[in-house]
Peer 1: 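Sending over a structure as structure tokens; questions will come in a sec.
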Amino acid sequence: MKIVELENDIEVNDCSEDNSDDNVVTVPTQKGGMRRKHHRPWTINEVVKLVEGVARYGAGRWSEIKRLAFSSCPYRTSVDLKDKWRNLLKASFVQLPAEKGILNSRKQASVPIPAAILSRVRELADMQGQIPPVLSACKSSGHSSSDRNVHEARSGFL
DNA sequence: GTTAGGG
DNA sequence: CCCTAAC
């Protein structure tokens with residue numbers, strides 16, 4: 001038997017794993033302007049760093065996160081970080097309560113954001129107060145068990 | 001330049 | 001991702 005374990009390196013690089021090639025396609029719009037379309041698919045590593053940065057400094061401090069976690073990334077400005085964070089929030093609110101019996105065709109396309117990351121995002125959003133008042137009201141009166149997430153792996157920030 | 005919101 | 005507005 002051959003024990004050939006595939007070292008699925010999930011982007012072991014930091015953020016410089018991105019190709020140095022600039023994927024910029026200039027498409028002229030009808031309104032009067034050249035729209036520069038970049039194509040920079042956020043990888044898991046990027047998402048993790050973003051979440052870690054928010055967990056360390058807080059949501060809204062994209063400038064600091066960009067200076068520390070994304071210091072080697074000339075692109076990815078404050079706008080990009082905020083955009084990704086919003087996208088993560090949406091995914092963490094619709095993919096967390098599911099993940100049980102959805103259509104799983106054996107394999108996803110290169111893993112679209114693991115639930116592990118989404119769990120961190122949801123907890124962070126709860127801390128930073130980015131949870132919408134909706135969806136949280138799914139409790140039926142009569143549950144004295146204060147079941148809190150067990151993700152409290154923080155030494156104690158804030 | 002950054003944050004925040006919308007397309 | 002890109003653009004706009006306000007700070």
Side-chain angles (χ1 to χ4, degrees), chain A residues 8-99 102-139 148-149 151-158:
Chain A
N8 267 3
D9 43 289
I10 313 196
E11 263 88 323
V12 208
N13 321 297
D14 269 290
C15 62
S16 307
E17 101 287 293
D18 243 291
N19 309 326
S20 303
D21 64 288
D22 286 10
N23 290 317
V24 274
V25 277
T26 27
V27 284
T29 186
Q30 308 86 20
K31 265 301 189 225
M34 234 55 118
R35 184 174 278 182
R36 240 115 97 204
K37 225 273 187 18
H38 288 84
H39 192 76
R40 220 84 30 149
W42 280 67
T43 179
I44 312 297
N45 201 301
E46 280 283 85
V47 176
V48 170
K49 277 181 130 188
L50 185 29
V51 173
E52 286 283 288
V54 173
R56 216 155 172 70
Y57 299 99
R61 258 64 138 153
W62 317 119
S63 38
E64 293 298 284
I65 300 167
K66 201 240 277 188
R67 286 279 292 187
L68 280 133
F70 297 82
S71 47
S72 285
C73 294
Y75 50 91
R76 230 68 117 188
T77 173
S78 322
V79 183
D80 287 295
L81 297 175
K82 203 229 168 327
D83 262 52
K84 220 280 166 304
W85 183 250
R86 244 192 57 250
N87 200 54
L88 281 164
L89 271 148
K90 202 182 95 171
S92 50
F93 285 137
V94 75
Q95 206 160 119
L96 261 179
E99 224 267 285
I102 339 175
L103 289 141
N104 257 355
S105 286
R106 222 89 202 161
K107 233 176 195 173
Q108 250 97 44
S110 48
V111 187
I113 295 120
I117 309 299
L118 294 172
S119 306
R120 194 100 112 289
V121 175
R122 212 200 79 81
E123 268 294 291
L124 283 161
D126 183 35
M127 267 207 276
Q128 256 72 234
Q130 287 188 346
I131 306 276
V134 76
L135 284 157
S136 314
C138 297
K139 290 187 188 145
R148 270 278 148 209
N149 280 312
H151 302 304
E152 310 298 82
R154 287 169 281 283
S155 315
F157 320 139
L158 289 110

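Everything numeric in this text was worked out from a predicted model, so none of it was measured. Per chain, numbering begins at 1; letters A, B, ... match sequence-line order.
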Peer 1: Would you give the length of the straight line joining atom CD1 of A/I65 to atom OG of A/S71, rounded to the nearest 0.5 angstrom?
Peer 2: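 Nearest 0.5 Å value for the CD1-OG distance: 12.5 Å.
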
Peer 1: Before you tell me yes or no, could you show the steps for A/E46 and A/R76 under salt bridge (Lys or Arg N to Asp or Glu O under 4.0 Å), namely the whole-Å CA-CA distance, both residues' side-chain angles and the distance that decides it to 0.1 Å?
Peer 2: CA-CA 10 Å; A/E46 280 283 85; A/R76 230 68 117 188; 3.1 Å; yes

Peer 1: I'd like the 5' and 3' limits of the part of DNA chain C contacted by chain A, with heavy-atom contacts below 4.0 Å.
Peer 2: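 Here the contact window of chain A covers C/dC1 to C/dC3.
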
Peer 1: Just to verify, what does A/E52 make a salt bridge (Lys or Arg N to Asp or Glu O under 4.0 Å) with, not counting sequence neighbours?
Peer 2: A/R120

Peer 1: Closest approach of A/P114 and A/I44, non-hydrogen atoms and distance?
Peer 2: CD-CD1, 3.7 Å

Peer 1: Please examine the side chains of A/I113 and A/W42, heavy atoms only from C-beta on, and report whether any two atoms are closer than 4.5 Å.
Peer 2: no

Peer 1: State, yes or no, whether a side-chain contact exists between A/W62 and A/L50 at a heavy-atom distance under 4.5 Å.
Peer 2: yes

Peer 1: Applying a 4.0 Å non-hydrogen cut-off, can you work out what A/W85 is touching in the nucleic acid: base, sugar-phosphate, or nothing?
Peer 2: nothing

Peer 1: Report yes if the side chains of A/Y75 and A/H38 come closer than 4.5 Å at any heavy-atom pair, otherwise no.
Peer 2: no

Peer 1: Might you list the N or O atoms of the protein lying below 3.5 Å from N or O atoms in nucleotides 3-7 of chain B, with each pair's distance?
Peer 2:
{"residue": "B/dT3", "atom": "OP1", "partner": "A/G60", "partner atom": "O", "Å": "3.3"}
{"residue": "B/dT3", "atom": "OP1", "partner": "A/W62", "partner atom": "N", "Å": "3.2"}
{"residue": "B/dT3", "atom": "OP1", "partner": "A/S63", "partner atom": "N", "Å": "2.8"}
{"residue": "B/dT3", "atom": "OP1", "partner": "A/S63", "partner atom": "OG", "Å": "2.5"}
{"residue": "B/dT3", "atom": "OP2", "partner": "A/S63", "partner atom": "N", "Å": "3.4"}
{"residue": "B/dT3", "atom": "OP2", "partner": "A/S78", "partner atom": "OG", "Å": "2.8"}

Peer 1: Please examine the side chains of A/D80 and A/F70, heavy atoms only from C-beta on, and report whether any two atoms are closer than 4.5 Å.
Peer 2: no

